[in-house]
Amino acid sequence: MPTATGIINLDIAGPTISRHLYGHFAEHLGHCVYGGFWVGEDSPIPHAGGIRLDVVEALRALDIPNLRWPGGCFADEYHWRDGVGPREQRPRMVNTHWGNVEENNHFGTHEFMALCELLGAEPYISGNVGSGTVREMSEWVEYLTRDGDSPMVRLRKENGREEPWRVKFWGIGNETWGCGGNMRAEYSADLARQYATYCRDHGDNKLYRIASGASDADYKWTETLMQQISCFGCEATPKNFFQGLSVHYYTLAGPWEAKGSATEFGTDDYYRTMLSARRIDRILTGHSTVMDVYDPGRTVGLVLDEWGTWWDVEPGTDPGFLFQQNTLRDALVASTHFDIFHKHAARLHMANIAQTVNVLQAMLLTDGDALVLTPTYHVFEMNKGHQEATSLPVHLRGEDTRRRVGDAELDTLSASASVKDGKVLISLSNLDAEEPADITLDLRGGTLGEPTARVLTADKLQAHNSPGTSTAVAPKDFEDLTAIAHGLRLSLPPHSFVTVQAPLNPR
């Protein structure tokens with residue numbers, strides 16, 4: 001049986017874990033918006049102005065911090081003026097990226113902002129650089145955030161909204177290296193400077209502009225962006241064109257053209273998946289290292305605004321709708337990612353899972369009036385206490401806690417910890433598919449009060465939730481925990497995620 005010790009320094013504060021690392025993503029793709037968030041005002045499903053209320057309630061329970069919209073690839077063919085005004089008068093369009101289906105634009109800017117208000121989440125709008133114009137994006141910022149009197153303010157008021165909204169986060173394009181225009185890094189970087197210049201701060205609404213950044217390990221793309229705002233080895237504050245830059249990374253078990261099934265996979269597939277998931281640590285380290293050379297003060301944020309698993313679509317569904325089931329394997333990908341995010345909290349300002357409802361690694365699946373909480377949803381809920389907490393360093397050492405996967409080695413234990421409001425939250429993942437793991441938590445620099453713990457696991461890795469079996473994978477109280485001198489001892493089941501919470505005793 002693998003054994004390990006986790007050393008946690010309760011009195012050594014790390015960086016704050018931004019709540020925005022627990023962000024979400026909603027694209028006009030498949031049934032994420034239509035049938036997910038939006039059911040329309042004539043629907044028998046309980047709604048508020050067409051926005052599905054059971055979805056809102058479930059996401060509010062996660063303390064959802066932000067929601068990215070309208071894409072994704074869709075963002076760079078979306079023209080915002082088509083989605084404002086009376087719905088019956090809005091022009092239609094074809095969603096060429098996702099299913100080649102007709103889009104009626106019934107869910108537009110006002111509907112999205114109403115959704116964010118219901119969720120209590122900050123909006124993150126991804127602007128159209130690929131097929132749009134500087135003026136179009138500049139006027140969208142004005143429409144949403146300007147007070148007083150101006151052409152866009154008058155248009156907003158004509159459409160029923162007197163007061164401006166607060167919209168801090170703006171994406172300057174999406175995947176400009178691919179579906180957002182197939183651009184070179186140098187050209188995309190020039191556009192980022194241009195668009196950022198005309199995305200104005202109106203009143204006290206200060207924008208956080210996020211330049212379209214790299215895919216995976218394209219560190220050269222990140223360097224090209226950083227060269228637009230600083231110089232090699234400079235100690236000066238970077239130019240204020242944009243405040244963040246993005247990176248996208250998806251977890252796969254195999255090649256892009258043969259991603260495999262979300263539910264029918266073997267142990268070897270599982271371990272390849274976990275190895276791919278843990279690669280995000282190296283990816284974030286690489287981009288952060290490049291950024292440190294140009295921005296040693298870490299004033300510019302790294303934004304992982306698309307991450308998650310990507311499998312072949314479920315049989316019988318539209319290939320362009322990207323609907324996949326969500327198993328315990330997906331949940332462990334999420335729990336491992338969050339430990340890595342917490343480690344990179346000094347540079348990583350935001351992360352957005354792809355996507356929130358009915359698409360890719362979703363939080364929620366809807367089927368008519370039924371709503372299913374996925375295993376990944378439960379990881380977000382169990383971990384929500386880390387939001388805006390102070391990270392605590394965790395050092396793991398163990399025996400037999402590594403597995404050979406092809407020509408690489410996989411660490412089968414993952415952990416992170418934080419403290420907030422006098423409570424410590426410790427997250428632990430045992431990625432071993434077959435073996436439990438005994439872990440001793442060596443707590444230094446303080447002591448804990450009475451702990452409580454929960455576990456997320458199932459009999460098999462392929463377990464998932466559906467309308468008929470909605471709690472096949474759900475959190476349960478965890479009892480295999482013992483207080484010892486200076487710490488705790490736990491026995492983690494195979495393929496499990498455990499959280500431990502306890503009050504931090506005053507010294």
Side-chain angles (χ1 to χ4, degrees), residues 9 11-21 23 66 124 168-173 176-177 185-186 188-197 199 201 206-249 278-307 337-352 386-395 416-418:
N9 294 289
D11 60 343
I12 299 178
T16 299
I17 299 168
S18 171
R19 65 193 181 99
H20 292 295
L21 298 186
N66 68 72
Y124 170 14
K168 176 180 179 180
F169 300 113
W170 287 83
I172 303 173
T176 51
W177 43 264
E186 294 78 9
S188 178
D190 285 342
L191 287 182
R193 286 173 56 130
Q194 180 187 15
Y195 274 71
T197 300
C199 290
D201 293 338
K206 305 302 181 185
L207 302 188
Y208 187 97
R209 304 164 186 84
I210 301 167
S212 176
S215 172
D216 300 344
D218 187 352
Y219 306 126
K220 180 63 177 176
W221 191 286
T222 292
E223 183 176 35
T224 302
L225 279 173
M226 293 304 296
Q227 288 170 341
Q228 305 303 306
I229 57 175
S230 190
C231 55
F232 187 90
C234 284
E235 295 185 4
T237 301
K239 296 182 179 69
N240 200 34
F241 294 130
F242 45 84
Q243 293 70 50
L245 54 90
S246 70
V247 62
H248 291 175
Y249 180 77
R278 296 206 74 142
R279 184 171 175 248
I280 189 60
D281 189 12
R282 190 163 74 248
I283 298 282
L284 294 176
T285 298
H287 290 291
S288 296
T289 301
V290 172
M291 294 174 74
D292 283 346
V293 173
Y294 293 88
D295 176 31
R298 294 185 173 179
T299 60
V300 179
L302 186 59
V303 176
L304 182 67
D305 54 15
E306 289 189 29
W307 69 271
H337 269 60
F338 283 129
D339 290 337
I340 294 167
F341 294 170
H342 300 164
K343 173 183 174 182
H344 289 274
R347 175 67 80 177
L348 189 66
H349 289 189
M350 180 188 289
N352 302 76
H386 288 301
Q387 295 186 29
E388 296 301 319
T390 300
S391 60
L392 299 172
V394 180
H395 304 281
S416 64
S418 69

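In what follows, every heavy atom counts, from backbone to side chain, and hydrogens, waters and symmetry copies are set aside. These figures come from a predicted structure and were not determined experimentally. Numbers here simply count residues along the sequence, with the first being 1.
Side-chain contact check for L304 versus Y249: some heavy-atom pair is nearer than 4.5 Å. H342 places none of its side-chain heavy atoms less than 4.5 Å from the side chain of S418. You'll find the side chain of N9 reaches within 4.5 Å of the side chain of H395, heavy atoms only. Side-chain contact check for L245 versus T222: some heavy-atom pair is nearer than 4.5 Å. Counting heavy atoms from C-beta outward, R193 and I229 have side chains that stay 4.5 Å or more apart. Taking the side chain as every heavy atom from C-beta outward, L207 and F242 never approach each other to under 4.5 Å.
Without hydrogens or angle criteria, D295 side chain to V300 main chain gives a donor-acceptor distance under 3.5 Å. Of the possible polar contacts, one joining the S212 side chain to the T176 backbone as a donor-acceptor pair under 3.5 Å is found. For the pair S288 (side chain) and L284 (backbone), a donor-acceptor distance under 3.5 Å is present. Judged by distance alone, with hydrogens and angles left aside, the side-chain atoms of Y208 form a donor-acceptor pair with the main-chain N or O of Q243 at under 3.5 Å. For the pair S246 (side chain) and G213 (backbone), a donor-acceptor distance under 3.5 Å is present. Between the side chain of S391 and the main chain of P15, a donor-acceptor pair closer than 3.5 Å is present.
Atom CD of residue Q387 and atom CG of residue L21 lie 9.0 Å apart, to the nearest 0.5 angstrom. Taking OG1 from T285 and CZ from R279, the interatomic distance works out to 12.0 Å, rounded to the nearest 0.5 Å. Expressed to the nearest 0.5 Å, how far OH of Y294 lies from OG1 of T299 amounts to 15.0 Å. The structure places CD of Q228 at 8.5 Å from CD of E186, a figure rounded to the nearest 0.5 Å.
Ring to ring, H20 and F169 are close: their centroids are under 6.0 angstrom apart.
Taking every heavy atom of both residues into account, D339 and S416 meet most closely at OD1-OG, 2.6 Å. Nearest approach of T16 to A345, heavy atoms of both residues: O-CB, 3.5 Å.
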Residue pair Q194, T197: steps toward the side-chain contact (heavy atoms from CB on, under 4.5 Å) verdict: CA-CA 5 Å; Q194 180 187 15; T197 300; 5.6 Å; no
Chi angles and distances behind the side-chain contact (heavy atoms from CB on, under 4.5 Å) call for S215, W177: CA-CA 8 Å; S215 172; W177 43 264; 3.3 Å; yes
Candidate pair R19 and N66, rule side-chain contact (heavy atoms from CB on, under 4.5 Å), full reasoning: CA-CA 9 Å; R19 65 193 181 99; N66 68 72; over 6 Å; no
Working for side-chain contact (heavy atoms from CB on, under 4.5 Å), residues E388 and S18: CA-CA 5 Å; E388 296 301 319; S18 171; 4.0 Å; yes
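For the residue pair Y124/D305, the side-chain donor-acceptor check at 3.5 Å is satisfied.
Between D201 and R209 there is a salt bridge, since at least one side-chain N of the basic residue sits less than 4.0 Å from a carboxylate O of the acidic one. Taking the charged nitrogens against the carboxylate oxygens, D292 and R347 do have a contact shorter than 4.0 Å, which makes a salt bridge.
Using a 30° and 60° split on the angle between ring planes, W307 and F341 fall in the perpendicular class, above 60°.
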